[in-house]
Amino acid sequence: LIQTLSPNGGAVPEFGYSVDIEGELIVVGAKEANQAQVFRLDGMTGNYAFEATLTGSEVTAGEAFGQDVSIEQGTVFVAAAGDDPSGTRSGAVYVFSGSPAGWTETHRLFAPDGEPNDFFGVAIDTEGSHLVIGALFDDDGGTSVGSAYIFDNTGFAGWGFRAKLLASDGAPNDFFGVSVAIDGDTAIIGSEGDDDNGQFSGSAYVFSRNAAGDWNETAKLLAPDGFTNDDFGFAVAVEGTTVDVAARAHQSAGAVYRFDLSTGTDAIAKFQSVAPTPGETFGSAVDIAPDLSSVIGSAGHSTPNVSITGAVYFPVLSPGGFVDCNGNLIDDNCDLSLGTSLDINLNGVLDECESVGSVYCTPNAQNSTGTWAKMIATGSSLVADNDLTILVSDLPQNSAGFFFTSRSIGFIAFPAGSQGILCMIGGIARFGGVQFSGTEATFDFDVDVTNFAGTGPAQAGQTWYVQAWYRDANPTTTSNFSDGVEIAFE
(Lines give C-alpha, C1' and ligand atoms only; values in the text may rest on other atoms or scores of the structure.)
Protein backbone atom coordinates (compact mmCIF):
# COMPACT_ATOMS: atom_id res chain seq x y z
CA LEU A 1 0.00 0.00 0.00
CA ILE A 2 1.57 3.29 -1.12
CA GLN A 3 -1.11 5.84 -0.26
CA THR A 4 -4.73 6.00 0.80
CA LEU A 5 -6.74 8.80 -0.78
CA SER A 6 -9.21 10.41 1.57
CA PRO A 7 -11.94 12.79 0.40
CA ASN A 8 -11.36 16.48 0.79
CA GLY A 9 -13.80 18.15 3.17
CA GLY A 10 -14.40 15.23 5.52
CA ALA A 11 -16.85 12.38 4.97
CA VAL A 12 -18.12 12.15 1.37
CA PRO A 13 -20.77 9.44 0.80
CA GLU A 14 -19.70 6.76 -1.73
CA PHE A 15 -16.30 8.35 -2.29
CA GLY A 16 -14.54 5.80 -4.49
CA TYR A 17 -17.67 4.52 -6.23
CA SER A 18 -15.73 5.08 -9.47
CA VAL A 19 -12.09 5.87 -10.16
CA ASP A 20 -9.65 6.38 -13.03
CA ILE A 21 -5.98 7.24 -13.31
CA GLU A 22 -3.85 8.69 -16.11
CA GLY A 23 -0.33 9.99 -15.70
CA GLU A 24 -0.23 12.28 -12.69
CA LEU A 25 -4.02 12.56 -12.34
CA ILE A 26 -6.54 10.50 -10.41
CA VAL A 27 -10.27 11.23 -10.45
CA VAL A 28 -12.56 9.68 -7.84
CA GLY A 29 -16.35 9.64 -8.17
CA ALA A 30 -18.73 9.92 -5.23
CA LYS A 31 -22.14 9.08 -6.69
CA GLU A 32 -24.26 9.64 -3.59
CA ALA A 33 -22.53 12.95 -2.85
CA ASN A 34 -23.01 14.09 -6.48
CA GLN A 35 -19.35 15.01 -6.91
CA ALA A 36 -15.97 13.90 -8.19
CA GLN A 37 -12.58 14.88 -6.79
CA VAL A 38 -9.34 15.35 -8.72
CA PHE A 39 -5.96 14.47 -7.21
CA ARG A 40 -2.57 15.29 -8.75
CA LEU A 41 0.79 13.65 -8.10
CA ASP A 42 3.12 15.89 -6.13
CA GLY A 43 6.60 15.45 -7.60
CA MET A 44 8.23 16.57 -4.37
CA THR A 45 6.48 14.18 -1.96
CA GLY A 46 5.59 11.35 -4.34
CA ASN A 47 1.99 11.42 -3.06
CA TYR A 48 -1.27 12.44 -4.68
CA ALA A 49 -2.69 15.69 -3.34
CA PHE A 50 -6.25 16.98 -3.60
CA GLU A 51 -6.69 19.54 -6.37
CA ALA A 52 -10.39 20.15 -7.09
CA THR A 53 -13.96 19.08 -6.47
CA LEU A 54 -16.02 18.80 -9.64
CA THR A 55 -19.79 19.23 -9.87
CA GLY A 56 -22.01 19.43 -12.92
CA SER A 57 -23.59 22.76 -13.74
CA GLU A 58 -27.06 21.21 -14.15
CA VAL A 59 -26.81 18.51 -11.50
CA THR A 60 -29.20 18.46 -8.56
CA ALA A 61 -29.46 16.12 -5.58
CA GLY A 62 -29.78 12.42 -6.34
CA GLU A 63 -28.64 12.56 -9.98
CA ALA A 64 -25.65 10.20 -9.54
CA PHE A 65 -22.93 12.59 -10.65
CA GLY A 66 -19.87 10.35 -10.23
CA GLN A 67 -21.61 7.17 -11.44
CA ASP A 68 -18.54 6.61 -13.59
CA VAL A 69 -15.40 8.63 -14.37
CA SER A 70 -12.68 8.59 -17.00
CA ILE A 71 -9.54 10.57 -17.87
CA GLU A 72 -8.08 10.97 -21.35
CA GLN A 73 -5.19 13.28 -22.23
CA GLY A 74 -5.77 15.34 -19.09
CA THR A 75 -9.49 15.78 -19.75
CA VAL A 76 -11.86 14.46 -17.09
CA PHE A 77 -15.26 12.93 -17.87
CA VAL A 78 -17.87 12.43 -15.14
CA ALA A 79 -21.14 10.60 -15.74
CA ALA A 80 -24.39 11.67 -14.09
CA ALA A 81 -26.72 8.85 -15.08
CA GLY A 82 -29.60 10.41 -13.12
CA ASP A 83 -29.34 13.84 -14.77
CA ASP A 84 -32.42 15.06 -16.62
CA PRO A 85 -31.59 16.80 -19.95
CA SER A 86 -34.25 14.70 -21.72
CA GLY A 87 -36.42 13.83 -18.75
CA THR A 88 -35.94 12.30 -15.33
CA ARG A 89 -32.87 10.02 -15.21
CA SER A 90 -32.24 10.34 -18.94
CA GLY A 91 -28.58 10.90 -18.06
CA ALA A 92 -25.63 13.06 -19.07
CA VAL A 93 -21.83 13.13 -19.09
CA TYR A 94 -19.87 16.25 -18.10
CA VAL A 95 -16.46 17.12 -19.55
CA PHE A 96 -13.88 19.13 -17.62
CA SER A 97 -10.49 20.57 -18.53
CA GLY A 98 -8.10 22.14 -16.08
CA SER A 99 -4.80 22.49 -14.32
CA PRO A 100 -3.62 23.16 -10.76
CA ALA A 101 -4.88 26.70 -11.32
CA GLY A 102 -8.48 25.54 -11.77
CA TRP A 103 -10.95 23.27 -13.56
CA THR A 104 -13.72 24.28 -15.99
CA GLU A 105 -16.74 22.41 -17.31
CA THR A 106 -16.53 22.49 -21.11
CA HIS A 107 -19.36 20.21 -22.25
CA ARG A 108 -22.53 18.57 -21.04
CA LEU A 109 -23.15 15.57 -23.30
CA PHE A 110 -26.45 13.75 -23.61
CA ALA A 111 -28.11 11.37 -26.05
CA PRO A 112 -29.68 13.07 -29.10
CA ASP A 113 -32.65 10.73 -28.73
CA GLY A 114 -32.60 10.51 -24.94
CA GLU A 115 -35.73 9.71 -22.98
CA PRO A 116 -36.64 9.47 -19.30
CA ASN A 117 -35.03 6.57 -17.40
CA ASP A 118 -32.46 5.71 -20.10
CA PHE A 119 -29.63 6.05 -17.55
CA PHE A 120 -27.24 7.40 -20.18
CA GLY A 121 -23.84 7.43 -18.44
CA VAL A 122 -24.18 4.24 -16.39
CA ALA A 123 -20.76 3.39 -17.83
CA ILE A 124 -18.23 5.47 -19.77
CA ASP A 125 -14.75 5.03 -21.24
CA THR A 126 -12.47 7.16 -23.41
CA GLU A 127 -9.62 6.54 -25.82
CA GLY A 128 -7.97 9.31 -27.81
CA SER A 129 -10.70 11.34 -29.45
CA HIS A 130 -13.45 8.79 -28.79
CA LEU A 131 -15.86 8.50 -25.86
CA VAL A 132 -18.26 5.56 -25.42
CA ILE A 133 -21.28 5.87 -23.13
CA GLY A 134 -23.69 3.16 -22.03
CA ALA A 135 -27.46 3.61 -21.60
CA LEU A 136 -28.64 0.25 -20.29
CA PHE A 137 -32.33 1.20 -19.89
CA ASP A 138 -32.79 2.62 -23.41
CA ASP A 139 -35.95 1.18 -24.95
CA ASP A 140 -35.02 0.97 -28.64
CA GLY A 141 -36.58 -2.34 -29.68
CA GLY A 142 -38.21 -3.04 -26.32
CA THR A 143 -38.04 -2.33 -22.62
CA SER A 144 -34.46 -1.94 -21.38
CA VAL A 145 -32.88 -3.44 -24.48
CA GLY A 146 -30.09 -0.91 -23.94
CA SER A 147 -27.72 1.02 -26.17
CA ALA A 148 -24.36 2.77 -26.28
CA TYR A 149 -23.25 6.04 -27.85
CA ILE A 150 -19.99 7.17 -29.42
CA PHE A 151 -18.95 10.81 -29.11
CA ASP A 152 -15.90 12.18 -30.94
CA ASN A 153 -13.68 15.14 -30.20
CA THR A 154 -13.92 17.06 -33.43
CA GLY A 155 -11.23 19.55 -32.49
CA PHE A 156 -12.35 23.15 -32.61
CA ALA A 157 -16.04 22.28 -32.06
CA GLY A 158 -15.24 19.93 -29.17
CA TRP A 159 -17.11 16.76 -28.32
CA GLY A 160 -20.04 15.77 -30.53
CA PHE A 161 -22.30 12.78 -31.15
CA ARG A 162 -20.96 10.30 -33.69
CA ALA A 163 -22.92 7.02 -33.55
CA LYS A 164 -25.43 4.96 -31.62
CA LEU A 165 -24.56 1.32 -31.07
CA LEU A 166 -27.24 -1.36 -30.78
CA ALA A 167 -26.98 -5.13 -30.46
CA SER A 168 -27.92 -6.94 -33.66
CA ASP A 169 -30.06 -9.36 -31.66
CA GLY A 170 -31.11 -7.09 -28.80
CA ALA A 171 -34.14 -8.09 -26.75
CA PRO A 172 -36.06 -6.66 -23.76
CA ASN A 173 -34.11 -6.57 -20.49
CA ASP A 174 -30.76 -7.33 -22.14
CA PHE A 175 -29.27 -4.20 -20.49
CA PHE A 176 -26.86 -3.69 -23.37
CA GLY A 177 -24.60 -0.85 -22.23
CA VAL A 178 -24.31 -1.85 -18.58
CA SER A 179 -20.54 -1.76 -19.20
CA VAL A 180 -18.37 -0.26 -21.92
CA ALA A 181 -14.69 -0.19 -22.87
CA ILE A 182 -12.78 1.28 -25.80
CA ASP A 183 -9.23 1.03 -27.10
CA GLY A 184 -8.09 2.20 -30.51
CA ASP A 185 -10.73 1.22 -33.04
CA THR A 186 -12.39 -1.40 -30.83
CA ALA A 187 -15.31 -0.91 -28.44
CA ILE A 188 -16.71 -3.60 -26.14
CA ILE A 189 -20.28 -3.34 -24.84
CA GLY A 190 -21.53 -5.58 -22.05
CA SER A 191 -25.07 -6.98 -22.05
CA GLU A 192 -25.54 -8.81 -18.74
CA GLY A 193 -29.23 -9.58 -19.33
CA ASP A 194 -28.76 -11.38 -22.65
CA ASP A 195 -30.01 -14.95 -22.52
CA ASP A 196 -28.11 -17.04 -25.10
CA ASN A 197 -26.98 -19.39 -22.30
CA GLY A 198 -30.07 -18.94 -20.15
CA GLN A 199 -31.86 -15.97 -18.59
CA PHE A 200 -29.37 -13.30 -17.52
CA SER A 201 -26.44 -15.47 -18.64
CA GLY A 202 -25.09 -12.39 -20.43
CA SER A 203 -22.88 -11.54 -23.38
CA ALA A 204 -20.54 -8.87 -24.71
CA TYR A 205 -20.43 -7.31 -28.17
CA VAL A 206 -17.43 -6.16 -30.18
CA PHE A 207 -17.72 -3.07 -32.38
CA SER A 208 -14.97 -1.98 -34.76
CA ARG A 209 -14.34 1.40 -36.37
CA ASN A 210 -13.62 1.35 -40.10
CA ALA A 211 -11.56 3.77 -42.19
CA ALA A 212 -14.62 5.97 -42.76
CA GLY A 213 -15.10 6.35 -39.01
CA ASP A 214 -18.21 4.17 -38.85
CA TRP A 215 -18.73 1.70 -35.99
CA ASN A 216 -20.05 -1.79 -36.81
CA GLU A 217 -20.74 -4.88 -34.73
CA THR A 218 -18.12 -7.49 -35.62
CA ALA A 219 -18.44 -10.20 -32.95
CA LYS A 220 -20.42 -11.44 -29.99
CA LEU A 221 -18.63 -12.97 -27.01
CA LEU A 222 -20.12 -15.66 -24.78
CA ALA A 223 -18.80 -17.66 -21.84
CA PRO A 224 -18.03 -21.24 -22.92
CA ASP A 225 -19.65 -22.51 -19.71
CA GLY A 226 -22.22 -19.75 -19.33
CA PHE A 227 -25.31 -20.41 -17.28
CA THR A 228 -28.49 -18.73 -16.07
CA ASN A 229 -27.92 -15.62 -13.92
CA ASP A 230 -24.14 -15.50 -14.52
CA ASP A 231 -24.24 -11.75 -15.39
CA PHE A 232 -21.51 -12.22 -18.01
CA GLY A 233 -20.83 -8.74 -19.39
CA PHE A 234 -21.35 -6.86 -16.13
CA ALA A 235 -17.84 -5.44 -16.53
CA VAL A 236 -15.58 -5.34 -19.61
CA ALA A 237 -12.08 -4.19 -20.51
CA VAL A 238 -10.03 -4.07 -23.70
CA GLU A 239 -6.35 -3.55 -24.47
CA GLY A 240 -5.44 -4.00 -28.12
CA THR A 241 -6.98 -7.32 -29.17
CA THR A 242 -7.19 -8.62 -25.59
CA VAL A 243 -10.62 -8.48 -23.96
CA ASP A 244 -11.67 -9.39 -20.41
CA VAL A 245 -15.36 -9.96 -19.66
CA ALA A 246 -16.61 -10.42 -16.11
CA ALA A 247 -19.42 -12.75 -15.06
CA ARG A 248 -19.84 -11.53 -11.49
CA ALA A 249 -22.36 -14.23 -10.46
CA HIS A 250 -20.83 -17.29 -12.16
CA GLN A 251 -21.18 -20.27 -9.81
CA SER A 252 -22.42 -17.80 -7.16
CA ALA A 253 -18.91 -16.33 -6.78
CA GLY A 254 -17.90 -14.84 -10.14
CA ALA A 255 -15.34 -15.30 -12.89
CA VAL A 256 -13.54 -13.29 -15.58
CA TYR A 257 -12.98 -14.65 -19.09
CA ARG A 258 -10.20 -13.55 -21.42
CA PHE A 259 -10.47 -13.38 -25.21
CA ASP A 260 -7.92 -12.67 -27.93
CA LEU A 261 -9.78 -11.14 -30.85
CA SER A 262 -6.82 -11.76 -33.16
CA THR A 263 -7.48 -15.51 -32.91
CA GLY A 264 -11.28 -15.57 -32.80
CA THR A 265 -14.14 -15.30 -30.34
CA ASP A 266 -13.45 -18.35 -28.15
CA ALA A 267 -12.32 -17.65 -24.60
CA ILE A 268 -8.64 -18.40 -24.02
CA ALA A 269 -8.53 -18.12 -20.22
CA LYS A 270 -10.73 -17.99 -17.14
CA PHE A 271 -9.85 -16.27 -13.85
CA GLN A 272 -11.49 -17.11 -10.52
CA SER A 273 -10.88 -16.38 -6.85
CA VAL A 274 -8.53 -18.85 -5.16
CA ALA A 275 -10.98 -19.30 -2.28
CA PRO A 276 -14.36 -18.23 -3.69
CA THR A 277 -17.20 -17.42 -1.32
CA PRO A 278 -20.90 -17.20 -2.23
CA GLY A 279 -21.81 -13.69 -3.31
CA GLU A 280 -18.18 -12.67 -3.78
CA THR A 281 -18.93 -10.97 -7.14
CA PHE A 282 -15.44 -11.65 -8.43
CA GLY A 283 -15.54 -9.47 -11.54
CA SER A 284 -17.55 -6.53 -10.19
CA ALA A 285 -14.89 -4.44 -11.95
CA VAL A 286 -12.08 -5.30 -14.35
CA ASP A 287 -9.25 -3.57 -16.20
CA ILE A 288 -6.29 -4.60 -18.34
CA ALA A 289 -2.85 -3.02 -18.01
CA PRO A 290 -0.66 -2.30 -21.07
CA ASP A 291 1.37 -5.45 -20.27
CA LEU A 292 -1.95 -7.40 -20.51
CA SER A 293 -2.06 -8.23 -16.80
CA SER A 294 -5.52 -8.03 -15.25
CA VAL A 295 -6.89 -6.11 -12.28
CA ILE A 296 -10.14 -7.61 -10.98
CA GLY A 297 -12.47 -6.15 -8.37
CA SER A 298 -14.47 -8.34 -6.00
CA ALA A 299 -16.89 -6.06 -4.17
CA GLY A 300 -18.59 -8.87 -2.25
CA HIS A 301 -15.45 -10.58 -0.96
CA SER A 302 -15.74 -11.50 2.72
CA THR A 303 -13.26 -12.61 5.36
CA PRO A 304 -13.77 -14.65 8.55
CA ASN A 305 -15.70 -12.75 11.23
CA VAL A 306 -16.26 -9.83 8.81
CA SER A 307 -19.36 -9.78 6.63
CA ILE A 308 -18.08 -7.98 3.50
CA THR A 309 -14.70 -6.34 3.02
CA GLY A 310 -14.21 -6.33 -0.74
CA ALA A 311 -10.95 -7.19 -2.49
CA VAL A 312 -8.87 -6.55 -5.61
CA TYR A 313 -7.12 -9.43 -7.36
CA PHE A 314 -4.08 -9.46 -9.62
CA PRO A 315 -4.05 -12.85 -11.40
CA VAL A 316 -0.61 -14.47 -11.65
CA LEU A 317 -0.06 -16.86 -14.54
CA SER A 318 2.35 -19.77 -14.80
CA PRO A 319 6.04 -18.98 -15.39
CA GLY A 320 6.44 -18.27 -19.07
CA GLY A 321 2.80 -17.31 -19.55
CA PHE A 322 -0.63 -18.93 -19.53
CA VAL A 323 -0.47 -22.74 -19.41
CA ASP A 324 -3.67 -24.79 -19.73
CA CYS A 325 -2.83 -28.43 -20.39
CA ASN A 326 -6.33 -29.72 -19.56
CA GLY A 327 -8.19 -27.17 -21.71
CA ASN A 328 -10.50 -25.85 -19.00
CA LEU A 329 -9.42 -22.19 -19.57
CA ILE A 330 -7.85 -22.02 -16.09
CA ASP A 331 -4.10 -21.54 -15.77
CA ASP A 332 -2.56 -24.75 -14.42
CA ASN A 333 -1.13 -22.99 -11.36
CA CYS A 334 -4.62 -21.67 -10.62
CA ASP A 335 -6.09 -25.17 -11.07
CA LEU A 336 -3.82 -26.36 -8.29
CA SER A 337 -4.63 -23.40 -6.04
CA LEU A 338 -8.36 -23.80 -6.62
CA GLY A 339 -8.23 -27.54 -6.05
CA THR A 340 -9.81 -28.19 -9.46
CA SER A 341 -6.80 -30.34 -10.44
CA LEU A 342 -4.08 -32.33 -8.66
CA ASP A 343 -0.35 -32.87 -9.03
CA ILE A 344 0.16 -36.00 -6.92
CA ASN A 345 3.76 -36.60 -8.02
CA LEU A 346 4.64 -32.90 -7.62
CA ASN A 347 6.32 -32.69 -11.02
CA GLY A 348 4.55 -29.47 -12.05
CA VAL A 349 2.23 -31.20 -14.54
CA LEU A 350 -1.45 -31.68 -13.74
CA ASP A 351 -2.21 -35.33 -13.14
CA GLU A 352 -5.00 -35.39 -15.70
CA CYS A 353 -2.55 -34.20 -18.36
CA GLU A 354 -0.16 -37.12 -17.88
CA SER A 355 -2.46 -39.78 -16.48
CA VAL A 356 -2.92 -42.96 -18.50
CA GLY A 357 -5.89 -44.04 -16.40
CA SER A 358 -8.99 -42.42 -14.99
CA VAL A 359 -10.41 -42.40 -11.47
CA TYR A 360 -13.63 -44.40 -11.48
CA CYS A 361 -14.17 -44.69 -7.71
CA THR A 362 -13.29 -42.77 -4.54
CA PRO A 363 -13.13 -44.35 -1.08
CA ASN A 364 -15.77 -41.92 0.24
CA ALA A 365 -14.06 -41.90 3.65
CA GLN A 366 -11.42 -39.54 5.01
CA ASN A 367 -8.29 -40.92 6.58
CA SER A 368 -6.42 -39.50 9.57
CA THR A 369 -4.84 -36.76 7.40
CA GLY A 370 -8.26 -35.15 6.91
CA THR A 371 -8.56 -36.10 3.24
CA TRP A 372 -8.54 -39.34 1.22
CA ALA A 373 -5.74 -41.22 -0.53
CA LYS A 374 -5.47 -40.25 -4.21
CA MET A 375 -4.12 -42.50 -6.94
CA ILE A 376 -2.64 -41.74 -10.35
CA ALA A 377 -1.24 -44.00 -13.09
CA THR A 378 1.39 -42.37 -15.34
CA GLY A 379 3.61 -43.42 -18.21
CA SER A 380 2.02 -45.33 -21.07
CA SER A 381 -0.98 -47.57 -21.57
CA LEU A 382 0.71 -49.27 -24.54
CA VAL A 383 1.59 -52.84 -23.60
CA ALA A 384 4.65 -52.75 -25.85
CA ASP A 385 6.09 -49.77 -23.94
CA ASN A 386 6.05 -51.55 -20.55
CA ASP A 387 6.13 -48.10 -18.92
CA LEU A 388 3.52 -47.81 -16.19
CA THR A 389 3.87 -46.31 -12.70
CA ILE A 390 1.22 -46.32 -9.96
CA LEU A 391 1.46 -43.62 -7.29
CA VAL A 392 -0.74 -42.88 -4.25
CA SER A 393 -0.56 -39.64 -2.21
CA ASP A 394 -2.21 -38.21 0.92
CA LEU A 395 -1.55 -41.31 2.96
CA PRO A 396 -0.80 -41.28 6.70
CA GLN A 397 2.95 -41.12 7.27
CA ASN A 398 4.82 -44.38 7.89
CA SER A 399 1.80 -46.46 6.99
CA ALA A 400 1.98 -49.99 5.52
CA GLY A 401 -0.19 -51.17 2.67
CA PHE A 402 -0.31 -52.79 -0.76
CA PHE A 403 -1.71 -52.51 -4.28
CA PHE A 404 -4.34 -54.85 -5.68
CA THR A 405 -6.09 -55.24 -9.00
CA SER A 406 -9.00 -56.95 -10.76
CA ARG A 407 -10.71 -57.09 -14.12
CA SER A 408 -14.15 -56.48 -12.51
CA ILE A 409 -15.66 -53.33 -10.98
CA GLY A 410 -17.45 -53.66 -7.67
CA PHE A 411 -18.42 -51.39 -4.78
CA ILE A 412 -18.23 -52.94 -1.31
CA ALA A 413 -18.49 -50.56 1.65
CA PHE A 414 -16.39 -51.14 4.80
CA PRO A 415 -15.22 -54.68 4.00
CA ALA A 416 -13.95 -56.60 7.04
CA GLY A 417 -14.26 -53.49 9.21
CA SER A 418 -12.09 -51.32 6.98
CA GLN A 419 -13.01 -47.71 6.26
CA GLY A 420 -13.97 -46.66 2.75
CA ILE A 421 -15.09 -48.58 -0.30
CA LEU A 422 -13.47 -51.55 -2.01
CA CYS A 423 -13.93 -50.66 -5.68
CA MET A 424 -13.61 -54.10 -7.30
CA ILE A 425 -14.77 -57.70 -7.05
CA GLY A 426 -13.87 -61.05 -8.58
CA GLY A 427 -10.34 -62.36 -8.95
CA ILE A 428 -8.51 -59.74 -6.90
CA ALA A 429 -4.72 -60.01 -6.99
CA ARG A 430 -2.13 -58.21 -4.86
CA PHE A 431 1.03 -56.89 -6.48
CA GLY A 432 4.11 -54.80 -5.74
CA GLY A 433 4.78 -56.26 -2.32
CA VAL A 434 4.25 -54.43 0.95
CA GLN A 435 4.45 -50.64 0.57
CA PHE A 436 5.55 -48.11 3.23
CA SER A 437 4.44 -44.48 2.93
CA GLY A 438 7.36 -43.07 4.94
CA THR A 439 7.55 -39.34 5.70
CA GLU A 440 6.50 -38.44 2.14
CA ALA A 441 3.17 -40.23 2.74
CA THR A 442 3.14 -41.92 -0.68
CA PHE A 443 3.21 -45.36 -2.27
CA ASP A 444 4.67 -45.85 -5.75
CA PHE A 445 5.48 -48.87 -7.90
CA ASP A 446 6.80 -49.41 -11.42
CA VAL A 447 4.53 -52.07 -12.86
CA ASP A 448 5.91 -54.90 -15.00
CA VAL A 449 3.24 -55.02 -17.70
CA THR A 450 4.69 -58.26 -19.08
CA ASN A 451 3.58 -60.00 -15.87
CA PHE A 452 0.83 -57.78 -14.58
CA ALA A 453 0.19 -58.53 -10.89
CA GLY A 454 1.65 -61.99 -11.41
CA THR A 455 -1.22 -62.94 -13.71
CA GLY A 456 0.75 -62.90 -16.96
CA PRO A 457 1.19 -60.17 -19.57
CA ALA A 458 -1.47 -57.52 -19.92
CA GLN A 459 -3.19 -57.62 -23.31
CA ALA A 460 -4.18 -54.80 -25.61
CA GLY A 461 -7.91 -54.26 -25.25
CA GLN A 462 -7.97 -55.36 -21.61
CA THR A 463 -9.12 -53.02 -18.85
CA TRP A 464 -7.68 -53.42 -15.36
CA TYR A 465 -8.83 -51.76 -12.14
CA VAL A 466 -6.22 -50.79 -9.53
CA GLN A 467 -6.59 -49.64 -5.90
CA ALA A 468 -4.52 -49.47 -2.72
CA TRP A 469 -5.23 -50.61 0.85
CA TYR A 470 -3.35 -49.18 3.83
CA ARG A 471 -3.26 -49.13 7.62
CA ASP A 472 -4.67 -46.09 9.42
CA ALA A 473 -6.01 -44.88 12.76
CA ASN A 474 -9.16 -42.89 12.21
CA PRO A 475 -9.60 -42.46 15.15
CA THR A 476 -8.92 -46.05 16.23
CA THR A 477 -6.65 -48.57 14.51
CA THR A 478 -8.23 -49.68 11.27
CA SER A 479 -7.51 -49.45 7.54
CA ASN A 480 -8.69 -47.54 4.46
CA PHE A 481 -8.63 -47.48 0.65
CA SER A 482 -7.38 -45.13 -2.06
CA ASP A 483 -9.10 -44.01 -5.23
CA GLY A 484 -9.78 -46.71 -7.78
CA VAL A 485 -8.11 -46.17 -11.17
CA GLU A 486 -9.16 -47.73 -14.46
CA ILE A 487 -6.41 -48.55 -17.01
CA ALA A 488 -7.35 -49.54 -20.55
CA PHE A 489 -4.34 -51.16 -22.24
CA GLU A 490 -3.59 -50.67 -25.90
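Values in this document were obtained by computation on a predicted structure and should not be read as measured data.
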Got a salt bridge between [X] and [Y], using NZ or NE/NH1/NH2 to carboxylate O under 4.0 Å?
{"X": "Lys374", "Y": "Asp394", "answer": "yes"}
{"X": "Arg209", "Y": "Asp152", "answer": "no"}
{"X": "Arg89", "Y": "Asp83", "answer": "no"}

- prompt: Given Phe77 and Tyr94, is the ring pair (Phe, Tyr, Trp, His ring centres under 6.0 Å) satisfied, shown in steps?
  reply: CA-CA 6 Å; Phe77 302 80; Tyr94 290 80; over 10 Å; no
Once rounded to the nearest 0.5 Å, what's the spacing between atom [atom1] of [X] and atom [atom2] of [Y]?
{"X": "Gln73", "Y": "Glu127", "atom1": "CD", "atom2": "CD", "value": "8.5 Å"}
{"X": "Asp483", "Y": "Cys361", "atom1": "CG", "atom2": "SG", "value": "8.0 Å"}
{"X": "Leu25", "Y": "Leu41", "atom1": "CG", "atom2": "CG", "value": "9.5 Å"}
{"X": "Ile150", "Y": "Phe207", "atom1": "CD1", "atom2": "CZ", "value": "9.0 Å"}
{"X": "Ser147", "Y": "Asp118", "atom1": "OG", "atom2": "CG", "value": "6.5 Å"}
{"X": "Leu221", "Y": "Asp194", "atom1": "CG", "atom2": "CG", "value": "11.5 Å"}

[Y] backbone acceptor or donor facing [X] side chain under 3.5 Å:
{"X": "Gln37", "Y": "Ala52", "result": "no"}
{"X": "Asp183", "Y": "Gly240", "result": "yes"}
{"X": "Glu192", "Y": "Ser203", "result": "no"}
{"X": "Asp244", "Y": "Ala237", "result": "no"}
{"X": "Glu63", "Y": "Ala80", "result": "no"}
{"X": "Asp42", "Y": "Tyr48", "result": "no"}
{"X": "Asp139", "Y": "Ser144", "result": "yes"}
{"X": "Ser191", "Y": "Asp174", "result": "yes"}
{"X": "Ser18", "Y": "Gly66", "result": "yes"}
{"X": "Ser298", "Y": "Gly310", "result": "no"}

Looking only at the side chains, is there a donor atom on one of [X] and [Y] sitting less than 3.5 Å from an acceptor on the other?
{"X": "Asn153", "Y": "Ser129", "answer": "no"}
{"X": "Glu115", "Y": "Ser86", "answer": "no"}
{"X": "Asp260", "Y": "Thr242", "answer": "no"}
{"X": "Asp291", "Y": "Ser293", "answer": "yes"}
{"X": "Ser168", "Y": "Glu217", "answer": "yes"}
{"X": "Tyr257", "Y": "Asp266", "answer": "no"}
{"X": "Ser368", "Y": "Asp472", "answer": "yes"}
{"X": "Thr126", "Y": "Ser70", "answer": "yes"}
{"X": "Thr439", "Y": "Gln397", "answer": "no"}

- request: Starting from the C-alpha separation in whole Å, work towards a yes-or-no answer on side chain to side chain donor-acceptor pair (under 3.5 Å) for Thr75 and Glu72.
  value: CA-CA 5 Å; Thr75 298; Glu72 181 65 22; over 6 Å; no
task: Go through the steps for Gln366 and Asn480 under the test side-chain contact (heavy atoms from CB on, under 4.5 Å), then give the verdict.
output: CA-CA 8 Å; Gln366 290 185 346; Asn480 211 324; over 6 Å; no
field: side-chain hydrogen bond (donor to acceptor under 3.5 Å, both in side chains) against Asp230, all qualifying residues, sequence neighbours excluded
entry: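 For Asp230, the residues satisfying side-chain hydrogen bond (donor to acceptor under 3.5 Å, both in side chains) (neighbours in sequence not counted) are His250.
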Check the surroundings of atom [atom1] in [X]: do more than 12 heavy atoms from other residues, nucleotides or ligands lie under 6.0 Å from it?
{"X": "Trp372", "atom1": "CH2", "result": "no"}
{"X": "Tyr360", "atom1": "OH", "result": "yes"}
{"X": "Glu24", "atom1": "CD", "result": "yes"}

task: Assess Arg162 against Phe151: is NZ or CZ under 6.0 Å from the centre of the six-membered ring, and within 45 degrees of the ring's axis?
output: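 No; the conditions do not both hold, so Arg162 does not lie above the ring face of Phe151.
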query: Taking the six-membered ring of Tyr17, is NZ or CZ of Lys31 closer than 6.0 Å to its centre and within 45° of its axis?
result: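 Yes.
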- prompt: Given the rule in the side chain to side chain donor-acceptor pair (under 3.5 Å) test, do Asn364 and Thr362 qualify, once you have shown the distances and angles that lead to the verdict?
  reply: CA-CA 5 Å; Asn364 200 32; Thr362 61; 5.3 Å; no
- prompt: Would Asp138 and Val145 count as a side-chain contact (heavy atoms from CB on, under 4.5 Å) if you check the C-alpha gap in whole Å, the side-chain angles of each, and the deciding distance to 0.1 Å?
  reply: CA-CA 6 Å; Asp138 191 4; Val145 173; over 6 Å; no
message: Parallel, tilted or perpendicular, judged at 30° and 60°: which one describes the rings of Phe200 and Phe175?
response: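 The arrangement is tilted - the two ring planes meet at 30° to 60°.
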- prompt: So Gln199 and Thr228, side chain to side chain donor-acceptor pair (under 3.5 Å) or not? Walk me through it.
  reply: CA-CA 5 Å; Gln199 188 176 23; Thr228 299; over 6 Å; no
query: So Ile189 and Phe176, side-chain contact (heavy atoms from CB on, under 4.5 Å) or not? Walk me through it.
result: CA-CA 7 Å; Ile189 315 298; Phe176 175 94; 3.5 Å; yes
field: Ring centers of Phe120, Phe110 separated by less than 6.0 Å
entry: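 Distance test on ring centres: not under 6.0 Å, no.
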- request: Please confirm whether Tyr149 and Trp215 have ring centers closer than 6.0 angstrom.
  value: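 No, ring centres 6.0 Å or more apart.
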- request: Identify which one of Thr218, Asp185, Thr186, Asp214 satisfies the side-chain hydrogen bond (donor to acceptor under 3.5 Å, both in side chains) criterion when paired with Ser208.
  value: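 Result for side-chain hydrogen bond (donor to acceptor under 3.5 Å, both in side chains) with Ser208: Thr218.
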